[in-house]
Amino acid sequence: MALERLDKLLAAQGMESRREVKEKIRRGLVLVNGAAARSPDLKIDPDRDQVTVEGVPILLKKNLYLMLNKPQGVVSATEDPRQPTVVDLVPQGLRRKGLFPAGRLDKDTEGFVLITDDGAFAHRILAPKNHVPKTYLARLDRAIDPSVAVEFQKGVRLTGEDQCSPAQLTILEPGDNPLVEVVIHEGMYHQIKRMFQRFGYQVVALKRIRMGGLFLDESLPLGACRELTPAELVQITQGEDKPSP
């Protein structure tokens, strides 16, 4: 990648203005590969050089892709005046201008949220026509009739005009409060909850565990996030429809 000015790169992260960045460089608070930066116009390689600001490592990649294990009580938004958002959970060293959740989870739903600043990639994995699957675990309020899985496979018509695409329902733990797995290929408002309500069931707990072919990292604590690897990004797109040759 071409070399770029240090102050320009840091300001582009959206944490500081360019003037504030220059002041921190002047005060010796910005290190490049362990040494204090000499001047704001120092040219660095964003993909190779390691930069810290006041001891915090800063990622300087063109685009950022984060896996967040969303807890309950957090809204899938970039900002909210009253409630914590998924972007608020991004640690300082990973924050930059333009981050947003690629797809939403309800406030009371846990699990995998992809946070990125790459709009084209987000559109690719969220567009229903690409059929990138999203997998959820749901706990229900009462024993479920296995025939519901057949209805899910047909495509559930919700109240109003919403028609769901075919979905897969698997009963993992039968009983009075069964645990089921649901795979959908779109993301309508409260879709899974409304699908079960259509047949008289209530979802008492919901968690997204997979996007495309990539599972939520089980070692990632609730509220924590980490950067995805290039191989994991490829896994997310697994399952989408490919254009005919």
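Just the heavy atoms: all of them, side chains too, but no hydrogens, waters or symmetry mates, feed the values below.
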Completion exercise
Of Asn69, Leu89, Leu94, the one forming a side chain to side chain contact (heavy atoms under 4.5 Å, CB included) with Cys225 is Leu94
Sequence neighbours excluded - salt bridge (charged side-chain N to carboxylate O under 4.0 Å, His left out) pairs with any residue from [range]:
| range | value |
| --- | --- |
| residues 69-89 | none |
| residues 98-118 | Arg96-Asp117, Asp106-Lys193, Asp108-Lys193 |
| residues 147-156 | Glu151-Lys154 |
| residues 196-224 | Asp217-Arg226 |

Say whether [X] and [Y] are linked into one hydrophobic cluster, either directly or through other cluster members, by side-chain heavy-atom distances under 4.5 angstrom.
| X | Y | result |
| --- | --- | --- |
| Val51 | Leu42 | yes |
| Ile171 | Val156 | yes |
| Ile236 | Leu220 | yes |
| Val75 | Leu68 | no |
| Leu222 | Val113 | no |

Taking atom [atom1] of [X] and atom [atom2] of [Y], what is their separation to the nearest 0.5 Å?
| X | Y | atom1 | atom2 | answer |
| --- | --- | --- | --- | --- |
| Leu233 | Asn63 | CG | CG | 10.0 Å |
| Ile58 | Leu31 | CD1 | CG | 11.0 Å |
| Arg142 | Asn177 | CZ | CG | 11.5 Å |
| Leu10 | Glu4 | CG | CD | 11.0 Å |
| Ile115 | Thr85 | CD1 | OG1 | 8.0 Å |
| Ile184 | Ile192 | CD1 | CD1 | 4.5 Å |

Check for a donor-acceptor pair, side chain of [X] on one end and backbone N or O of [Y] on the other, with a separation under 3.5 Å.
| X | Y | result |
| --- | --- | --- |
| Arg18 | Asp7 | no |
| Glu186 | Ser165 | yes |
| Thr78 | Phe100 | no |
| Asn130 | Arg124 | yes |
| Glu181 | Thr135 | no |

How about [X] and [Y]: do any of their side-chain heavy atoms sit closer than 4.5 Å?
| X | Y | answer |
| --- | --- | --- |
| Val203 | Leu140 | yes |
| Gln50 | Pro57 | no |
| Asp162 | Arg194 | yes |
| Leu126 | Val132 | no |
| Gln168 | His185 | yes |
| Pro178 | Glu173 | no |
| Tyr201 | Ile144 | yes |
| Lys22 | Arg19 | no |

Completion exercise
Tracing side-chain contacts under 4.5 Å among Ile, Leu, Val, Met, Phe, Trp and Tyr outward from Ile209 reaches Leu137, Leu172, Leu179, Phe215
Completion exercise
Apart from Val183 itself, members of its ILVMFWY cluster (side-chain separation under 4.5 Å) are none
With sequence neighbours excluded, what pairs up with [X] under the side-chain contact (heavy atoms from CB on, under 4.5 Å) test?
| X | value |
| --- | --- |
| Asp49 | Val32, Asn33, Ile44, Asp45 |
| Pro166 | Gln153 |
| Ala205 | Arg139 |

Taking all non-hydrogen atoms of both residues into account, name the closest pair between [X] and [Y] and its distance.
| X | Y | value |
| --- | --- | --- |
| Leu206 | Ala138 | CD1-CB, 3.7 Å |
| Gly103 | Ser76 | O-CB, 4.5 Å |
| Pro101 | Val87 | CD-CG2, 4.4 Å |
| Gln191 | Met188 | OE1-N, 3.0 Å |
| Pro40 | Ile25 | CA-CD1, 3.7 Å |
| Ala11 | Ser17 | CB-C, 4.3 Å |

Exercise for the section: For Phe196, enumerate each residue passing the ring-ring contact (aromatic ring centres under 6.0 Å, His included) test, keeping only those at least two apart in sequence or located in another chain. Expected result: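 Result, ring-ring contact (aromatic ring centres under 6.0 Å, His included) vs Phe196: Phe152.
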Exercise for the section: Could you give me the CA-CA distance, side-chain angles and deciding distance for Leu105 and Phe112, then say whether side-chain contact (heavy atoms from CB on, under 4.5 Å) is met? Expected result: CA-CA 9 Å; Leu105 290 183; Phe112 189 171; over 6 Å; no
Exercise for the section: Under the side-chain contact (heavy atoms from CB on, under 4.5 Å) rule, what do Leu114 and Leu228 come out as? Steps first, then yes or no, please. Expected result: CA-CA 9 Å; Leu114 173 67; Leu228 293 177; 3.6 Å; yes
Handout entry: Summary of ring pair (Phe, Tyr, Trp, His ring centres under 6.0 Å) pairs that have at least one residue in residues 163-184, sequence neighbours excluded
Key =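 Qualifying pairs, neighbours excluded: none.
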Problem - Listed partners of Ser39 passing side chain to side chain donor-acceptor pair (under 3.5 Å), at least two apart - result: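 Here the qualifying residues are Asp41.
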